[in-house]
Amino acid sequence: MPAGTLSPPTVRRRAVLAALTGAGMIVLAACGSDAGAGPRLTADAAIPDTVPAGTSLSIAVHTTEIQLKTTGKISELPFTVSEWPTVAAGPDVIQAFRANAVDVATNAGIPPIQAHATGLDAKIVAVQLKTTPTFKLATAPGSAITELSDLRGKKIAFAAGQAQGVVVLRTLQELGLEKKDVQLIELNSPQFLTALQSRQVDVAPLGEPTLTKYLNQYGKDGARAVVTPAVDALTILWAPARVLADPAKAAAIKAFIPYWARAQVWAWENKDKWIDAYYVKDQQVSAADGRRIVESNAKPSFPTSWDAAIKWEQDTIEVVSKWGYFGKSFNAADVFDRRFEGVAAAAVPADYRIAQS
């Protein structure tokens, strides 16, 4: 394997996923986050404001873990974090939810759609809206692809249940291309790098810091990044419905959301510290690359209303359904738990809020 292909978080992710298969799944299901047999919350019951003593959560939000550790805020959480598993890809999070190994995770908007299609009842509990693209289309070494119009007939890495998949489909739709016009190579996003390196695909959507690592290694061989206007508009927190039916865990998740939102504000306002803590020490890219990545990001924005987020999710459902993924269309509002609406926005300063009707 070429040097630099795997970062430590990737290794940790593999360790977690190994535990989610075979006998390991039984262990995690037994000692993980399965809700207890006490009083249950109905889907329309108010979320408690007080977190009972002894409550714990397993939280798959690696960036927030780093932010809270760096600021020292992690000690202020009003519950115990049993673990911070580095599980990021949507299909892996769904598997972890099913194994009772994770209580709350961060993803893009597409994994809840996949979960719904596969019968997993899970709900979005917090939303950040983005208006600028976060992925670019990385080309294989030696590829002749230089612009979006070159995609016709090409092999494109595609992850149906991940943000990268939505970016691909929205890009192709904007180009007026159909499924027959390209070769969609279905992979999970952690496989994209290997597929590019070995030229098994011509192009794959990559985000940061993975894109920078890839181009640093293969740019000399002709690899490049092609800009796409497709925006993956949602960053979410979500949780299984069985967890949200547990009053203690639901209260803990409600208490965690402000820490998640304020941590992103801290990272925006303290770029040097964030670059050092995350990009340099955790992701092992240079400080210069970390700064370039951070400066390409948009200011974090949290909507006071989820109407726009639900509309974007509905549009995404229509796109993936049209392309033959995840079955028939359904009401996007079904994957949002609006009892948590506004919790994140209320926790941040006014200039980080998006007021929407």
Side-chain angles (χ1 to χ4, degrees), residues 88-94 106-118 129-141 143-215 218 223-236 296 312-327 329 332:
D92 298 338
V93 169
I94 290 172
T106 186
N107 281 111
I110 188 67
I113 297 173
Q114 181 183 21
H116 182 278
T118 59
L129 278 177
K130 297 172 288 185
T131 57
T132 57
T134 54
F135 293 95
K136 294 180 181 179
L137 302 182
T139 66
S143 169
I145 297 172
T146 60
E147 55 188 31
L148 294 178
S149 60
D150 296 328
L151 293 180
R152 183 183 293 272
K154 298 300 189 294
K155 293 181 290 186
I156 304 173
F158 177 71
Q162 299 181 246
Q164 294 91 329
V166 173
V167 168
V168 167
L169 294 185
R170 285 179 175 262
T171 299
L172 297 177
Q173 183 164 281
E174 289 195 24
L175 292 171
L177 298 178
E178 300 180 5
K179 206 168 186 178
K180 62 181 176 57
D181 297 321
V182 295
Q183 300 178 60
L184 296 181
I185 309 301
E186 296 198 31
L187 304 166
N188 279 340
S189 60
Q191 299 172 305
F192 285 2
L193 276 178
T194 300
L196 281 170
Q197 292 160 351
S198 62
R199 298 177 174 82
Q200 295 176 36
V201 298
D202 299 306
V203 64
L206 297 182
E208 295 292 4
T210 306
L211 178 62
T212 289
K213 292 180 181 180
Y214 174 69
L215 294 179
Y218 291 96
R224 61 181 63 86
V226 178
V227 175
T228 171
V231 176
D232 174 45
L234 303 186
T235 296
I236 63 163
S296 71
W312 189 90
E313 193 82 342
Q314 190 69 60
D315 291 343
T316 301
I317 292 170
E318 305 308 327
V319 170
V320 297
S321 296
K322 174 185 174 181
W323 281 72
Y325 296 97
F326 304 146
S329 176

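If you read the sequence from its start, that first residue is 1, and numbering goes on from there.
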**Distance, nearest 0.5 Å, that separates OG of Ser329 from NZ of Lys322** = 13.5 Å
**Request:** Kindly give the heavy-atom pair with the smallest separation between Gly207 and Phe135, and that separation in Å.
**Result:** N-CD2, 3.4 Å
**Item:** CD-CD1 distance between Gln114 and Ile94, expressed to the nearest 0.5 angstrom
**Value:** 4.0 Å
**Prompt:** Got a donor-acceptor contact below 3.5 angstrom from the Ser321 side chain to the Gly327 backbone?
**Reply:** yes
**Asked** Between atom CG of Leu206 and atom OG1 of Thr134, what is the distance when rounded to the nearest 0.5 Å?
**Response** 11.5 Å
**Prompt:** Between Val201 and Ile156, is a side chain to side chain contact (heavy atoms under 4.5 Å, CB included) present by the stated rule, with each step listed?
**Reply:** CA-CA 6 Å; Val201 298; Ile156 304 173; over 6 Å; no
**Asked** Looking only at atom types and distance, does a side-chain atom of Tyr218 sit under 3.5 Å from a main-chain N or O of Lys213, one as donor and one as acceptor?
**Response** no
**Message:** When you measure from the side chain of Gln162 to the backbone of Ala89, do you find a donor-acceptor pair of N or O atoms at a distance under 3.5 Å?
**Reply:** no
**Prompt:** Does atom NZ of Lys179 have more than 12 heavy-atom neighbours, drawn from other residues, nucleotides or ligands, at distances under 6.0 Å?
**Reply:** yes
**Message:** Quick one: does any side-chain atom of Thr106 pair with a main-chain N or O of Ile236 as donor and acceptor, under 3.5 Å?
**Reply:** yes
**Request:** Check Phe192 against Pro205 and note the closest heavy-atom contact, atom names and distance.
**Result:** CD2-O, 3.5 Å
**Item:** Gap separating the OG1 atom of Thr118 from the CD1 atom of Ile113, nearest 0.5 angstrom
**Value:** 12.0 Å
**Residue Lys154 excluded, over 12 heavy atoms near NZ under 6.0 Å** = yes
**Close side-chain approach of Val231 to Thr131, heavy-atom, < 4.5 Å** = no
Distance-only check: which donor-acceptor pairs under 3.5 Å involve side-chain atoms of residues 165-178, not counting sequence neighbours?
{"from": "Arg170", "atom 1": "NH2", "to": "Thr316", "atom 2": "OG1", "distance (Å)": "3.0"}
{"from": "Thr171", "atom 1": "OG1", "to": "Val167", "atom 2": "O", "distance (Å)": "2.7"}
{"from": "Thr171", "atom 1": "OG1", "to": "Thr228", "atom 2": "OG1", "distance (Å)": "2.6"}

**Message:** How close do Ala138 and Leu211 get, counting heavy atoms only, and between which atoms?
**Reply:** CB-CD1, 4.0 Å
**Asked** Of all residues at least two apart in sequence or in a different chain, which pass the ring pair (Phe, Tyr, Trp, His ring centres under 6.0 Å) check with Phe326?
**Response** none
**Leu129/Trp312 under side chain to side chain contact (heavy atoms under 4.5 Å, CB included): CA gap, chis, key distance, verdict** = CA-CA 10 Å; Leu129 278 177; Trp312 189 90; 5.8 Å; no
**Prompt:** So which pairs with a foot in residues 202-211 pass side chain to side chain donor-acceptor pair (under 3.5 Å), sequence neighbours left out?
**Reply:** Glu208-Thr212
**Message:** Just to verify, what does Asp181 make a salt bridge (Lys or Arg N to Asp or Glu O under 4.0 Å) with, not counting sequence neighbours?
**Reply:** Arg152
**Fill in**
Between the CG atom in Asn107 and the CG atom in Leu234, the distance rounded to the nearest 0.5 Å is 11.5 Å
**Request:** Of all the heavy-atom pairs spanning Glu313 and Gly109, show the shortest one and how long it is.
**Result:** OE2-O, 2.5 Å
**Item:** Contact check, side chains of Val226 and Thr146, non-hydrogen atoms, under 4.5 Å
**Value:** no
**Fill in**
The reported gap from OG1 in Thr194 to CG in Leu187 (rounded to nearest 0.5 angstrom) is 9.5 Å
**Request:** Would you name the heavy atoms of Gln164 and Ser189 that are closest together and state the gap between them?
**Result:** NE2-CB, 3.3 Å
**Request:** Would you name the heavy atoms of Pro133 and Pro229 that are closest together and state the gap between them?
**Result:** CG-O, 4.0 Å
**Asked** Is the shortest heavy-atom distance from the side chain of Leu151 to the side chain of Leu137 under 4.5 Å?
**Response** yes
**Qualifying salt bridge (charged side-chain N to carboxylate O under 4.0 Å, His left out) pairs, either residue in residues 224-234, two or more places apart** = Lys130-Asp232
**Set of residues satisfying ring pair (Phe, Tyr, Trp, His ring centres under 6.0 Å) with respect to Phe158, sequence neighbours excluded** = Tyr325
